[in-house]
Amino acid sequence: MRGVSFVALRNLIAIVAEHPEGLRVKEMTAIGRENHRLRTAEGKIPSATTLYHYRNTLLRLGILIKINKKYYLNLNNPDVQELIDVLSTTSKQLTVAEKKCFARFVIGNSDCRKNFFNLFLPNKSSYSLEEFIEEGQRVSWKRYNDPGSNGVLLQNIDTEEVNLWLKSGNEIQAILYGLRYWARNELNIIDELFLEDLGGVMYPTYIESKIPDSNIIKTILNSLSTQEWTKISIRDFALRWGPHFHISLTTIFKTLSFLIRSYPEYIVTIPTSESFATITAGSPKSEAYQLRSYLQDSSGYYISHIRIHRKFLEVFKWPTTMNV
């Protein structure tokens, strides 16, 4: 599995759907490059190798079939027809409906479950997308360079019994930067945050959510002590309640930003320096990854904690709409 653009996969499906007589590779490539119908995640025209990975991904997911060197939609699978029915080729991003359809193919694939998703649900060998999101546990990944422990360890941190070692470069590429990338970046069915002791902590999330999130607001209100100020660690809060409510960091952070913006006299932010927040990072890419676990305010500062005054309980009013 490779880190592919699912927008490109969607557009490739649309191209094949326009040709029920089937398409050969050269025909598919030519049509895909007409009017730039196929683009990589970076917006570039895909190379022959990238197009191969697009086709191979759709074959492995059971969306396309290959007969006598021609590619067809696998219309014997009713989920393929459902995907075709929700295709929106005019959108530059996947719609929620498209993400859900693609996610069902990915979750339903036995190789994907065996090599990644089963870590989140160690007591089940088969499950739906909804079951994965609502019942999935937390899984960490961490890179080790010690003698005898060289590679990437994925571990269910709720059971501490199920783990998977990725030793080879191909394994790391396929699972960490393939399946994990699909689930987090393309389909939004997992999110993750970084903690120095655990590494990256992944957990299942709903594909769509309302902002500000009512569960997060209720949790904030319930967490206030009788003392004048209550101090909350952003990452600790996200680690506990993101997995509990199955919501993304983006939803958590936008909800907190809404409260901070609405009640500045009762909620005080505590920034941290970028150098301290990324003290274990070894590259600019690693720094960016670690910083995504911090709330960033309107001035660009990274917030590690917030302090909330006890009078916040008295002045808080629920917003008239929960989609601010």
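Predicted model, so just to flag it, every value in this text is computed and none were measured.
Note that NZ of K99 is 9.5 Å distant from CD of E208, once rounded to the nearest 0.5 Å. The CG atom of L64 sits 11.5 Å away from atom CG of N77, with the distance rounded to the nearest 0.5 Å. Note that the CZ atom of F132 and the CZ atom of R113 stand 12.0 Å from one another [nearest 0.5 Å].
Within the structure, the salt bridge (Lys or Arg N to Asp or Glu O under 4.0 Å) test picks out the following pairs touching residues 165-183 (sequence neighbours left out): R180-E192. Pairs of residues two or more places apart, or lying in two chains, that qualify as salt bridge (Lys or Arg N to Asp or Glu O under 4.0 Å) and include a residue from residues 269-297 are D191-R292.
In summary, E186 and R10 do not engage in a salt bridge, as defined by a charged side-chain N under 4.0 Å from a carboxylate O. The pair E82-K100 does not count as a salt bridge, with every side-chain nitrogen at least 4.0 angstrom from each carboxylate oxygen.
If you run side-chain contact (heavy atoms from CB on, under 4.5 Å) between I306 and each of I270, I232, T230, only I232 comes through. A side-chain contact (heavy atoms from CB on, under 4.5 Å) with Y266 holds for exactly one of R310, K311, R307, E314; it is K311.
The aromatic rings of W241 and H244 lie perpendicular to each other, with more than 60° between the two planes, well past the 30° mark. By the 30° and 60° cut-offs, the orientation of the rings of Y263 relative to F316 is tilted.
Put simply, the side chain of S286 never gets that close to the backbone of S283: no donor and acceptor are under 3.5 Å apart. No donor-acceptor pair under 3.5 Å is formed between the side chain of H305 and the backbone N or O of S233. Side chain of K254 to main chain of K210: no donor-acceptor pair is present (N/O by atom type, distance under 3.5 Å, no hydrogens or angles).
Counting all heavy atoms, side chain and backbone alike, S91 lies closest to Q93 at OG-O, 2.5 Å. Residue L121 comes nearest to E131 through the heavy atom pair CD1-O, 4.0 Å, listed as atom of the first residue, atom of the second, then distance.
A donor and an acceptor atom, one from each side chain of Y127 and N118, are located under 3.5 Å apart. Residues S5 and T40 have side chains that never bring a donor and an acceptor to within less than 3.5 angstrom of each other. Side-chain atoms of T280 and Q290 form a donor-acceptor pair, as typed in the model, at a separation below 3.5 Å. Looking only at atom types and distance, the side chain of Y301 has no donor-acceptor partner in the side chain of Q296 under 3.5 Å away. Side-chain atoms of T205 and S248 form no donor-acceptor pair, as typed in the model, at a separation below 3.5 Å.
The side-chain heavy atoms of I190 and F116, taken from C-beta on, include a pair separated by under 4.5 Å. By the 4.5 Å heavy-atom criterion applied to side chains, I15 and L38 are counted as neighbours. Within the 4.5 Å cutoff, no side-chain heavy atoms of V201 are placed close to those of W141. Taking the side chain as every heavy atom from C-beta outward, T251 and I216 never approach each other to under 4.5 Å. Residues L51 and R33 meet the side-chain proximity criterion, which asks for heavy atoms closer than 4.5 Å. In this structure, L256 and I234 have side chains that are in contact, with non-hydrogen atoms separated by less than 4.5 Å. Residues N11 and R37 have side chains not in contact (no heavy-atom distance under 4.5 Å, counting atoms from C-beta outward).
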Could you please spell out the steps behind the ring pair (Phe, Tyr, Trp, His ring centres under 6.0 Å) verdict for Y144 and W165? CA-CA 10 Å; Y144 292 88; W165 271 104; 5.8 Å; yes

